[in-house]
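To start, the structure under review is shown below, and the notes come after it.
As a basis for the values below, the full set of heavy atoms in this structure was taken, side chains included, without hydrogen atoms, waters or symmetry mates.
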Amino acid sequence: LKSDRELVLEAVRQDGMALHRAAEPLKADLELVLEAVRQNRSALFYAAQPLRADPLLTESSVLANPFAVRGAKSPACTVFELCAVEDRIRYEAAWGVGGKTLDGHLPHSSTLGDLGRHIRAQAPNPNSRFYLTLLDSEIPVSPLQVEQPLAELM
């Protein structure tokens, strides 16, 4: 059971400190450790040594990361337009199925994380993590992609 990723992921969602009972390879799984640290900051102590200094796991990065880890019970948002307009990036998105339309502009240097935080600020629950799906993709953005430049996606 200690090696079952889905089982351990659910356990750390309920109690981040459950990471200490996970198999060693799972303690090196950045996404799983992120979820544990979101639940309990002290869980970082049980992460594999190389992850303890990972910039994605700093307190400020964990708090700022708006994206849900696969398998979480979280709302979804789909970006259906992402384009450059002069020195800015314009987006349009839909929150949920047939839900609220969100739009805005971001600096050309923005990342997926910036887009996610901008969308989350307009969402019905601006504190929740969510799944973000881009354009024609069916796969949600991973919370590990927060630093990816938006310009690479256009």
(message) Set out, in order, the CA-CA distance, both residues' side-chain angles and the distance that settles side-chain contact (heavy atoms from CB on, under 4.5 Å) for L32 and R5, then state yes or no.
(response) CA-CA 8 Å; L32 193 140; R5 186 181 190 280; 4.0 Å; yes

(message) Test side-chain contact (heavy atoms from CB on, under 4.5 Å) on V37 and V12; report intermediate values, then the result.
(response) CA-CA 8 Å; V37 171; V12 300; over 6 Å; no

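Minimum interatomic distance between P55 and S61 (heavy atoms only, all atoms of both residues): O-OG, 2.9 Å. Heavy atoms only, all atoms of each residue included: V33 and L26 are closest at CG2-O, 4.2 Å. Between R38 and A68, the shortest heavy-atom contact is NH1-CA, 4.2 Å. Between Q39 and G16 the shortest heavy-atom distance is OE1-N, 2.6 Å. Heavy atoms only, all atoms of each residue included: L19 and A47 are closest at CD2-N, 3.9 Å.
Looking only at distances, a side-chain donor or acceptor of K27 sits under 3.5 Å from a matching main-chain atom of H20. Side chain of Q145 to backbone of S142: a donor-acceptor contact under 3.5 angstrom is found. In this structure, the side chain of Y46 does not engage the main chain of A18 through any donor-acceptor pair within 3.5 Å. Under the 3.5 Å distance criterion, the side-chain polar atoms of S110 are matched with a main-chain donor or acceptor of P107. Under a 3.5 Å cut-off, the side chain of Y131 and the backbone N or O of A72 do form a donor-acceptor pair.
Shown here is L63, whose CG atom has more than 12 heavy atoms of other residues, nucleotides or ligands within 6.0 Å. The environment of E59 atom CD is sparse: at most 12 non-hydrogen atoms of other residues, nucleotides or ligands sit within 6.0 angstrom. Heavy-atom contacts from other residues, nucleotides or ligands closer than 6.0 Å to CD of E6 number more than 12. Around CZ of F45, the count of heavy atoms belonging to other residues, nucleotides or ligands within 6.0 Å does not exceed 12.
Aromatic ring centres of H118 and Y91: separated by under 6.0 Å.
F80 and M154 end up in different hydrophobic clusters when Ile, Leu, Val, Met, Phe, Trp and Tyr side chains are linked at under 4.5 Å.
Residues T111 and L150 form no side-chain contact, since every pair of their non-hydrogen atoms from C-beta on lies 4.5 Å or further apart. When side chains are defined from C-beta on, T78 does not count as touching L134, because their heavy atoms never get closer than 4.5 Å. Annotation: side chain of N65 is not in contact with side chain of R117 (no heavy-atom distance under 4.5 Å). When side chains are defined from C-beta on, M17 counts as touching S42, because their heavy atoms get closer than 4.5 Å. Within the 4.5 Å cutoff, the side chain of L82 has heavy atoms near those of the L153 side chain. A 4.5 Å side-chain heavy-atom check between V8 and K2 finds every atom pair outside the cut-off. No side-chain heavy atom of R52 sits under 4.5 Å from any side-chain heavy atom of L57. Side-chain contact between E92 and L102 is absent, with no heavy atoms from C-beta onward closer than 4.5 Å.
Note that the CG atom of L51 and the CG atom of L56 stand 10.0 Å from one another [nearest 0.5 Å]. The line from CG of L34 to CG of D54 is 9.5 Å long, rounded to the nearest 0.5 Å. Rounding to the nearest 0.5 Å places CZ of R70 at 10.5 Å from CD1 of I139. With rounding to the nearest 0.5 Å, the separation of CD in E152 from CG in L112 is 9.0 Å.
Applying the side chain to side chain contact (heavy atoms under 4.5 Å, CB included) criterion to H105, with sequence neighbours excluded, gives R88, R90. Partners of F130 by side chain to side chain contact (heavy atoms under 4.5 Å, CB included), not counting sequence neighbours, listed by chain and number: P66, F67, P75, C77, W95, I119, R120, L132.
Taking a cutoff of 4.0 Å between a charged side-chain nitrogen and a carboxylate oxygen, R129 and E35 do not qualify as a salt bridge.
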